[in-house]
Amino acid sequence: YIGSTLRTGSGTLTDTVDGGFVVVSQTTTVTTAAAGTATSASITLPASSQIINIIADMTVNEVVGAGTATTIPMTVGTAAAGTQYVSSTDVFAGGRIALTFTAAQLTAMSDIGTNTSVFVTLDPNGTIVTTQGVIRLTVVYAQKV
């Protein structure tokens, strides 16, 4: 635990001259549900943070088996199924997911303001019988107070 923002640089540090903020990350995992219902997990970022990147890795690829799922939409936002940071993206193929961000999402990521929960939600379009998929979501950020 660090009681305040850790900054680096030389000389007298200010927010605009010769200084930078330390980049940190938090990670959570979320697992699909056999019934095909939505599942979510969350992390909480500290106030005044800037989200620099969001990385989604399918660490266990689903095996639908006799199930009916053909897509697994994933969203990332400030509530379960929220899209403030990542719009619905199909993670069915597995591996590291290529995420894209809209201008509005990048603006939302630029300063989260207060302590904010970030939710990742998986919502398959059908059942997954044999092996449940697991997404590891990593949020890379810098606290800038």
Side-chain angles (χ1 to χ4, degrees), residues 1-9 13-16 19-145:
Y1 176 81
I2 297 173
S4 64
T5 301
L6 181 61
R7 298 190 300 175
T8 61
L13 294 177
T14 69
D15 289 342
T16 58
F21 298 96
V22 173
V23 175
V24 293
S25 66
Q26 289 190 45
T27 300
T28 189
T29 59
V30 62
T31 303
T32 58
T37 55
T39 55
S40 298
S42 68
I43 58 175
T44 301
L45 301 183
S48 301
S49 292
Q50 175 187 357
I51 297 173
I52 296 166
N53 200 6
I54 298 172
I55 302 164
D57 296 324
M58 176 81 68
T59 59
V60 176
N61 205 11
E62 77 291 332
V63 178
V64 174
T68 59
T70 57
T71 65
I72 303 174
M74 178 192 79
T75 59
V76 180
T78 58
T83 59
Q84 290 84 357
Y85 305 128
V86 176
S87 301
S88 184
T89 302
D90 186 13
V91 299
F92 193 82
R96 178 156 284 176
I97 312 306
L99 300 177
T100 58
F101 307 103
T102 66
Q105 289 166 336
L106 292 171
T107 298
M109 292 165 59
S110 68
D111 184 353
I112 63 165
T114 61
N115 290 350
T116 299
S117 293
V118 175
F119 290 82
V120 55
T121 301
L122 300 177
D123 192 8
N125 69 342
T127 58
I128 300 174
V129 172
T130 305
T131 303
Q132 297 310 305
V134 178
I135 286 282
R136 176 174 302 282
L137 186 82
T138 301
V139 179
V140 180
Y141 65 97
Q143 188 181 10
K144 302 184 340 178
V145 256

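Below, all heavy atoms of this structure are taken into account, side chains as well, without hydrogens, waters or symmetry copies. Residues: numbered from 1 along the sequence shown. For clarity, every value in this text was computed on a predicted model and none was experimentally measured.
Residues meeting the side-chain hydrogen bond (donor to acceptor under 3.5 Å, both in side chains) test with Thr78, sequence neighbours left out: Gln84. Every residue meeting the side-chain hydrogen bond (donor to acceptor under 3.5 Å, both in side chains) condition with Gln105, not counting sequence neighbours, appears here in chain and number order: Ser87, Thr102. Residues satisfying the side chain to side chain contact (heavy atoms under 4.5 Å, CB included) test with Gln132, not counting sequence neighbours, are Thr31, Thr32, Ala34, Ile128. Qualifying side chain to side chain contact (heavy atoms under 4.5 Å, CB included) partners for Thr29, counting only residues two or more places apart in sequence or in other chains: Val134, Arg136. Under the side chain to side chain contact (heavy atoms under 4.5 Å, CB included) criterion, Ser88 pairs with Pro73, Thr75, not counting sequence neighbours. Every residue meeting the side chain to side chain contact (heavy atoms under 4.5 Å, CB included) condition with Ala38, not counting sequence neighbours, appears here in chain and number order: Thr121, Asp123. Listed by chain and number, the residues in a side-chain hydrogen bond (donor to acceptor under 3.5 Å, both in side chains) with Thr70 are Asn125 (sequence neighbours excluded).
Under the salt bridge (Lys or Arg N to Asp or Glu O under 4.0 Å) criterion, no residue pair touches residues 41-54, with sequence neighbours excluded. For residues 63-75, there are no salt bridge (Lys or Arg N to Asp or Glu O under 4.0 Å) pairs, not counting sequence neighbours. Here salt bridge (Lys or Arg N to Asp or Glu O under 4.0 Å) pairs that include residues 69-98, with residues two or more places apart or in two chains, are Asp57-Arg96. Within the structure, no pair that satisfies the salt bridge (Lys or Arg N to Asp or Glu O under 4.0 Å) test touches residues 34-55, not counting sequence neighbours.
What you find for Thr116 and Ile112 is that their closest heavy atoms are OG1-O, 3.5 Å. Counting all heavy atoms, side chain and backbone alike, Ala41 lies closest to Thr28 at CB-OG1, 3.6 Å. Scanning both residues, Phe101 and Tyr85, for their nearest heavy atoms gives CD2-O, 3.2 Å. Looking at every heavy atom in both residues, Thr130 comes nearest to Ala66 through OG1-N, 4.5 Å. Summarising the geometry of Val60 relative to Met58, their closest heavy-atom pair is O-SD, 3.0 Å, with the distance given to 0.1 Å. Ala80 and Phe119 get closest at one heavy-atom pair: N-CG, 3.7 Å.
In this structure, the side chains of Val140 and Ile55 come closer than 4.5 Å at one or more pairs of heavy atoms. Within the 4.5 Å cutoff, no side-chain heavy atoms of Ile54 are placed close to those of Thr138. The shortest distance between side-chain heavy atoms of Ile135 and Thr59 does not fall below 4.5 Å. Within the 4.5 Å cutoff, side-chain heavy atoms of Val139 are placed close to those of Ile43.
Distance check: Leu137 CG to Ser40 OG gives 11.0 Å after rounding to the nearest 0.5 Å.
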In sequence, state the C-alpha distance, the side-chain angles, and the governing distance for Ile72 and Glu62, and then conclude on side-chain contact (heavy atoms from CB on, under 4.5 Å).
CA-CA 10 Å; Ile72 303 174; Glu62 77 291 332; 3.6 Å; yes
CA sep, side-chain torsions, deciding dist, call: Tyr141, Gln26, side-chain contact (heavy atoms from CB on, under 4.5 Å):
CA-CA 8 Å; Tyr141 65 97; Gln26 289 190 45; 3.0 Å; yes
Hey, mind stepping through Val64 and Val129 against side-chain contact (heavy atoms from CB on, under 4.5 Å) and telling me if it holds?
CA-CA 5 Å; Val64 174; Val129 172; 6.0 Å; no
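Here the side chain of Thr127 pairs a donor or acceptor atom with the backbone of Thr68 at under 3.5 angstrom.
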N/O donor to acceptor pairs below 3.5 angstrom from side-chain atoms of residues 44-53, sequence neighbours left out:
| residue | atom | partner | partner atom | Å |
| --- | --- | --- | --- | --- |
| Thr44 | OG1 | Ser117 | OG | 3.3 |
| Ser49 | OG | Pro46 | O | 2.8 |
| Gln50 | OE1 | Lys144 | NZ | 3.3 |

